[in-house]
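These notes are about the structure you will find just below.
Please read all numbers here as calculations on a predicted model, not as lab measurements. Counting starts at 1 for both ligands and their atoms, following the listed order. Because only heavy atoms are used, hydrogens play no part in the values below, and waters and symmetry mates are left out as well, while side chains stay in. Numbers here are sequence positions counted from 1.
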Amino acid sequence: MKNPVKVTITGAAGHIGYALAFRIASGAMFGVNQPVILRLLEIPQALPSLLGVGMELEDCALPLLYDIVLSDDPAIGFRETDFAILIGAKPRSKGMERNDLLLENAKIFAAQGKSINQHASADVRVLVVGNPANTNALIAMSNAPDLQPQQFSAMSRLDHNRTLGQLANKTNSKVADIRRAIIWGNHSVTQYPDISQCTINGQPAFELVSRDWAIDHMIPRIQRRGAEIIEARGLSSAASAADAVVNHVHDWVLGTPTDDWISMSVPSDGSYGISEGIVFSLPVTCREGRYEIVQGLEIDAFSRTRLNITEQELLSERAVIRDLLNQG
Ligand code: NDP
């Protein structure tokens, strides 16, 4: 057996954390030959619940799970960790304005960036799930000056998977036959799910579905899918979000298929004319634990308009929290 990888989950007693921890420990993220150590971090009020998660993990007697650390201390939770999955975030409370939510979470993610910088493995990979995820990732990254920006990402994989699901459903095909979906921009209602590059069994998607269907039905449905699930379940999506975390880290570490790419929110490097200094969802391929932004895709006038809208939203989010950037 290999040396165990250490994975930290923040907000580990929450809905997504609860759905995620068991899947990591059973081998879904790194494969069935890779042991793991789970370092589960919570706020003090949630420690009793976290103890219960720890007991259940122990009761599963999972052969790949070498150790479980439960803590409310980031210095312990992030110690020498290889993967930091940042889920815990302050939810919007009644009467809270969007800017208040951004600022409240900015403080949390600035502190976590500093702690990761100080305590995690030098090669740590960070995935931010807690919303507003893209801007939270930017804050964490800018508060971790000893780490490379490419070690930080935010999750757009659930939106990517939702796009595959919608397209498979509409065309009566299998998700495994669909390639090259893209989520551009922010994990918010301004995101741009783009199927202009998609193929289904090698056939361009737009030979099987109309552009009007994509614009009038698919795009708005994916943009608002979170709300649709809350309406149906009375709770926000948790299992599908945890599954997307598994996919995101799995592909980042173990690589993407040769004829496909995935969507990851990563620090913009100016590709496709997007401003640098924001964390933007882009198509990427992964090899040997590194991602590369897919280059050279054609951006038509419709796509450019959509890219601009979501870019502007991220720039305005950054303006709200700018005082918390680069504090490392
Ligand atoms: P969830 O586990 O359901 O959600 C956690 C975060 O993930 C939220 O920011 C949520 O955003 C986001 N999220 C939810 N669904 C999706 C999705 N489909 N795609 C992407 N992101 C998504 O929340 P819980 O309240 O159950 O758990 C949160 C835990 O975090 C609690 O146990 C709490 O104790 C802890 N916490 C930790 C903090 C810290 O580390 N300092 C601060 C606050 C809480 P959205 O709100 O938009 O749904």
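- S210 and D212 are not linked by any side-chain donor-acceptor pair at a separation below 3.5 angstrom, with hydrogens and angles left out of the test.
- Listed by chain and residue number, N161 satisfy the side chain to side chain donor-acceptor pair (under 3.5 Å) test with N247 (two or more places apart in sequence, or in another chain).
- Legend: residues meeting ring-ring contact (aromatic ring centres under 6.0 Å, His included) with H248, ordered by chain and number and at least two apart, are W252.
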All N/O donor-acceptor pairs, side-chain side in residues 230-238, below 3.5 Å, sequence neighbours left out:
unit_1, atom_1, unit_2, atom_2, d
R233, NH2, S236, O, 3.0
S237, OG, R162, NH2, 3.4

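- A distance limit of 4.0 angstrom between heavy atoms and ligand 1 selects the residues G11, A13, G14, H15, I16, E42, I43, A46, I87, G88, A89, K90, I108, Q112, V129, G130, N131, L158, R162, H187, S236, S237, A241.
- Look at R290 and D123 and you find a salt bridge, because one of the NZ, NE, NH1 or NH2 atoms lies within 4.0 Å of a carboxylate O, short of that distance.
- Ring centroids of F30 and F83 are separated by less than 6.0 Å, placing the two rings close together.
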